[in-house]
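To start, the structure itself, in structure tokens.
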Amino acid sequence: MINSKDTNENDLMDKIVSLCKRRGFVFQGSEIYGGLAGTYDWGHYGVALKNNIKQNWWKKFVDGRRDIYGIDAAILMNRKVWETSGHVAGFVDPMEDGKQFNVMFKTQIGAGDEAVVSYLRPETAQGMFVNFKNIVDAFHPKLPFGTAQIGKAFRNEIAPRDFIFRQREFEQMEIEYFIRANDWEKYFEYWKSEMLEWMEEVGLDMAKVRELEIPKENRAHYSSRTIDFEFDYPFGRKELFGLAYRTDFDLKNHKLEYVDEVPTSEGTGIPIESKVIIPHVIEPTFGVDRAILALLLSAYTEDKQGGEIRSYLKFKPNIAPVICAVSPLLKNKKELVEYANIKVYAPLKEEFGRVAWDDNGNIGKRYRRQDEIGTPFCIVIDFDTLTDNTVTVRDRDTGEQERVKVSDLQNYIKEKI
Ligand code: ATP
């Protein structure tokens with residue numbers, strides 16, 4: 001029997017998927033050829049949303065700190081990386097008949113007899129571990145320090161499903177934070193709270209986020225402690241992000257070391273003792289696509305306006321794909337269109353970039369469309385504008401409108417983001 005909760009929850013996923021297609025966020029991959037399971041293509045607003053999420057993450061965890069170094073490593077890596085990391089032997093999922101299936105995509109590099117086997121990376125982490133020495137030699141960082149990377153990962157998932165939740169090609173944002181072995185518990189707690197803070201900052205519904213301690217038998221081969229941050233999706237409570245203590249597993253296997261300079265007497269900084277050690281690693285990992293799905297589910301809201309049900313995405317202004325939409329009241333009135341284009345749209349577009357021009361259909365329709373995109377402000381140029389140089393600015397959440405001077409528009413928006 002389907003109870004009403006199930007119906008609503010299934011409805012919600014259907015609504016999100018169709019909104020994403022209708023409004024140009026996410027399309028099924030290879031759709032006109034019947035699709036390719038586990039792949040999705042991102043439209044204009046989906047890309048904008050994804051970029052905002054990634055930039056926000058990078059700003060907090062790389063640009064906003066002194067101890068984390070960015071990396072953009074190749075997706076294709078020497079096969080030995082995956083043998084050494086344990087992925088060739090152990091990155092497996094059980095199939096229905098009990099056999100183990102390695103979920104890495106195998107590929108050939110080079111032609112003919114010269115061809116060698118490699119894999120599309122199933123995680124971005126290894127690209128950071130194998131560059132450990134390069135980072136140390138180039139930047140001379142002192143422990144604790146980290147590396148961060150955003151990039152694609154590929155897994156031949158046995159059962160891709162639930163829209164962008166489980167795909168075969170997806171994107172990760174990962175940090176490898178190198179520490180002294182004794183400090184692992186302290187930094188594990190520290191990164192747990194940093195992760196929670198970021199989730200809240202971007203606007204996830206924190207009432208739907210749960211921590212799950214993963215028991216030993218379910219942890220990845222490299223981890224001695226893992227916490228999953230789970231999210232209450234309509235299809236159940238499932239993993240959103242993860243936090244793992246990877247010990248010195250990876251650096252040890254890759255035979256990478258670090259010369260640690262330890263002050264011998266507390267506080268003085270001297271004399272210094274040098275020791276060769278293998279740093280341990282705390283790894284906060286974030287799936288971009290799951291972040292977007294959780295964000296869409298957190299932001300999706302329905303209410304009644306003007307006696308009609310409307311749906312909108314209640315994104316924070318700094319995350320919304322469009323910060324404001326500019327509309328001439330009537331699209332066939334030349335003076336309105338010119339004013340809107342030259343005096344309002346052009347300068348706002350130049351300042352914020354994420355600005356939409358919308359003159360399609362009547363004003364009510366435009367508001368509904370921008371609500372579904374999650375645009376916080378709709379600016380309308382009407383006949384009064386031509387005489388008093390003010391426009392109406394409509395607030396997405398309340399539907400309230402106020403008149404703002406054209407010359408104040410940029411500051412008005414800046415104050416809200
Ligand atoms: P699951 O148990 O759901 O398969 P996992 O534990 O294998 O996930 P990790 O190896 O911890 O996932 O990967 C790190 C992050 O990458 C996850 O927290 C998730 O956000 C994201 N991720 C993993 N697999 C996928 C996938 N198939 N599609 C989209 N995102 C994924």
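Start at 1 and go down the list; that is how both ligands and their atoms are numbered. All values below were derived from every heavy atom in this structure, side-chain atoms included, with hydrogens, water molecules and symmetry-related copies excluded.
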(request) Quick one: sort the Phe154 and Phe105 rings into parallel, tilted or perpendicular, breaks at 30° and 60°. (result) perpendicular
(request) Using a strict 4.0 Å cut-off to heavy atoms of Gly287, name the atoms of ligand 1 that fall inside it. (result) 20 (O), 21 (C)
(request) Return yes when atom CD of Glu200 has more than 12 non-hydrogen atoms of other residues, nucleotides or ligands closer than 6.0 Å, and no otherwise. (result) no
(message) More than 12 heavy atoms of other residues, nucleotides or ligands under 6.0 Å from CD of Glu197: yes or no?
(response) yes
(message) Checking contacts here: is it the side chain or the backbone of Glu123 that comes within 4.0 Å of ligand 1, counting heavy atoms only? Could be both or neither.
(response) neither
(request) Could you say whether the N/O atoms of Phe91 and ligand 1 ever approach to under 3.5 Å? (result) no
(message) I'd like to check which ligand 1 atoms, numbered from 1 as shown, lie under 4.0 Å from a non-hydrogen atom of Gly242.
(response) 18 (O)
(request) Consider ligand 1: state whether an atom of it lies below 4.0 angstrom from any non-hydrogen atom of Phe229. (result) no
(request) Give the atoms of ligand 1, by number and element, whose distance to some non-hydrogen atom of Phe241 is under 4.0 Å. (result) 18 (O)
(request) Consider only side-chain N and O atoms of Trp357 and Asp359, and report whether a donor and an acceptor are under 3.5 Å apart. (result) yes
(message) Minimum distance, heavy atoms only, to atom 7 (O) of ligand 1: which one of Glu230, Gln167, Arg155 is it?
(response) Arg155
(request) Assert yes or no for the condition that the ring centre distance of Phe165 to Phe235 is strictly below 6.0 Å. (result) yes
(message) Could you check whether any heavy atom of Val288 sits closer than 4.0 Å to an atom of ligand 1, since that is the contact criterion I want to use?
(response) no
(request) Report the relative orientation of the aromatic rings in Phe61 and Trp191; use parallel for angles under 30°, tilted for 30 to 60°, perpendicular for over 60°. (result) tilted
(message) Heavy-atom pairs closer than 4.0 Å: do any link ligand 1 to the side chain of Arg166, the backbone, both, or neither?
(response) both
(message) Asp371 and side-chain hydrogen bond (donor to acceptor under 3.5 Å, both in side chains): which single residue from Arg366, Arg310, Lys314, Gln305 fits?
(response) Arg310
(request) Any atoms of ligand 1 less than 4.0 Å from a non-hydrogen atom of Glu157? List them with their elements. (result) 24 (N), 26 (C), 27 (N)
(request) Run the salt-bridge test on Glu283 and Arg246 with the 4.0 Å N-O cut-off and return the result as yes or no. (result) yes
(request) Answer with yes or no whether the side chains of Glu176 and Thr147 bring together a donor and an acceptor at under 3.5 Å. (result) no
(request) Could you tell me whether some N/O pair between Leu240 and ligand 1 is separated by less than 3.5 angstrom? (result) yes
(request) Using distance alone, determine whether Asp289 and ligand 1 share an N or O pair under 3.5 Å. (result) no
(request) Decide whether an N or O pair under 3.5 Å exists between Glu174 and ligand 1. (result) no
(request) For Thr285 and ligand 1, answer yes if some heavy atom of the residue is under 4.0 Å from a ligand atom, otherwise no. (result) yes
